[in-house]
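This report refers to the structure that appears directly beneath it.
Every value quoted in this text rests on a predicted model; they were computed, and no experiment measured them. Throughout, residue positions are numbered sequentially from 1 according to the sequence presented.
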Amino acid sequence: MKSLTHKVILTLALLMLVGCGESGPPTGTVSGKVIIGGAAPKEPVRVQFINSIIGQGASATTTADGSYKLDRPVQVAEYTVYFEKLVDASEQVSAKDELLLTVPRTYRNEASSPMKKKVEKGANTIDLEVPSA
């Protein structure tokens with residue numbers, strides 16, 4: 001009976017140790033500044049980090065000085081970064097009004113954006129410089 005009790009205690013202790021490790025893949029947080037044509041954006045910009053291969057993505061809205069912080073941690077990987085204009089959905093807008101014309105067309109969608117950024121485990125500061133349109 002004594003050896004059975006020792007085995008149960010040992011098994012429980014082992015399970016507790018295993019359960020204390022990280023669950024899921026490693027993640028990182030991302031913040032930084034957006035610079036368009038050498039200056040902070042003149043209007044708030046939506047920054048998108050997307051990795052379609054692993055199905056991960058997060059976004060952020062820039063502040064007046066161009067700072068951003070992704071809305072959640074993302075899995076460690078390389079991400080395509082692109083930029084969108086913020087649109088007030090409560091009003092009627094045309095397709096042209098929805099375009100961020102201060103950013104070159106290639107940086108406005110995931111498929112054509114040449115900007116790739118690697119997110120490492122922990123806190124990441126990633127500044128994003130984009131030429132003006």
Side-chain angles (χ1 to χ4, degrees):
M1 187 71 160
K2 192 174 190 181
S3 68
L4 180 61
T5 304
H6 287 281
K7 286 181 182 178
V8 169
I9 291 172
L10 184 59
T11 302
L12 289 173
L14 184 60
L15 287 173
M16 288 175 63
L17 285 174
V18 171
C20 293
E22 280 187 34
S23 62
T27 62
T29 58
V30 179
S31 62
K33 280 198 171 192
V34 173
I35 303 295
I36 300 173
K42 294 179 177 28
E43 61 185 321
V45 171
R46 194 74 181 157
V47 180
Q48 303 283 354
F49 273 65
I50 302 293
N51 182 313
S52 297
I53 295 170
I54 61 172
Q56 286 280 299
S59 60
T61 301
T62 58
T63 61
D65 71 349
S67 296
Y68 75 96
K69 182 176 180 183
L70 292 183
D71 55 9
R72 63 185 188 82
V74 292
Q75 192 172 322
V76 170
E78 183 176 74
Y79 288 81
T80 299
V81 180
Y82 67 98
F83 306 88
E84 296 177 327
K85 180 176 182 175
L86 287 179
V87 177
D88 183 358
S90 67
E91 300 175 17
Q92 186 174 2
V93 292
S94 71
K96 183 179 179 185
D97 291 337
E98 294 180 23
L99 296 178
L100 182 63
L101 298 176
T102 57
V103 172
R105 181 180 308 237
T106 57
Y107 289 87
R108 294 187 223 154
N109 69 66
E110 178 188 6
S112 64
S113 180
M115 187 173 285
K116 310 289 185 209
K117 297 295 178 181
K118 186 166 172 93
V119 175
E120 302 288 345
K121 184 176 179 180
N124 294 260
T125 300
I126 301 177
D127 293 333
L128 306 170
E129 286 195 49
V130 182
S132 59

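For Pro104 against Pro131, the heavy-atom pair with the smallest separation is CD-O, 2.8 Å. Minimum heavy-atom separation, Gly28 to Asn124: CA-ND2, 4.0 Å. Between Glu78 and Asn51, the closest heavy-atom pair is O-ND2, 2.6 Å. Gly66 approaches Pro41 most closely through the heavy-atom pair CA-CD, 3.8 Å.
In the model, Glu110 has no side-chain atom that pairs as donor or acceptor with a side-chain atom of Gln48 under 3.5 Å. Side chains of Lys116 and Thr80: a donor on one and an acceptor on the other come within 3.5 Å.
Asp71 places none of its side-chain heavy atoms less than 4.5 Å from the side chain of Phe49. With a 4.5 Å cut-off on side-chain heavy atoms, Met115 and Thr106 do not count as touching. Counting heavy atoms from C-beta outward, Leu128 and Phe83 have side chains that approach closer than 4.5 Å. In this structure, the side chains of Val119 and Leu70 stay at 4.5 Å or more apart for every pair of heavy atoms. Contact check for Val30 versus Tyr79: no side-chain heavy atoms found under the 4.5 Å cut-off. No side-chain heavy atom of Ile35 sits under 4.5 Å from any side-chain heavy atom of Asp127. Annotation: side chain of Pro25 is not in contact with side chain of Val76 (no heavy-atom distance under 4.5 Å).
Note that CZ of Arg72 and OG1 of Thr29 are 12.5 Å apart. Values are rounded to the nearest 0.5 Å. In this structure, NZ on Lys85 lies 15.5 Å from CZ on Arg46, to the nearest 0.5 angstrom. How far NZ of Lys69 is from OG1 of Thr125: 10.5 Å, rounded to the nearest 0.5 Å. Asn109 contributes atom CG, which lies 9.0 Å from atom CD of Glu84 (distance to the nearest 0.5 angstrom).
Hydrophobic clustering of Ile, Leu, Val, Met, Phe, Trp and Tyr side chains at less than 4.5 Å, counting indirect connections, unites Val130 with Val45. Note: the hydrophobic cluster containing Val34 also contains Leu100 (ILVMFWY, side chain heavy atoms under 4.5 Å, direct or indirect links). Hydrophobic clustering places Val103 together with Tyr68 (ILVMFWY residues linked when any side-chain heavy atoms are closer than 4.5 Å, directly or through intermediates). Side-chain heavy atoms closer than 4.5 Å link hydrophobic residues (I, L, V, M, F, W, Y) into clusters, and following such links, even through other members, never connects Ile54 to Ile50.
No more than 12 heavy atoms of other residues, nucleotides or ligands shown are found within 6.0 angstrom of CZ on Arg105. Residue Glu43 places its CD atom among more than 12 non-hydrogen atoms of other residues, nucleotides or ligands, all under 6.0 Å distant.
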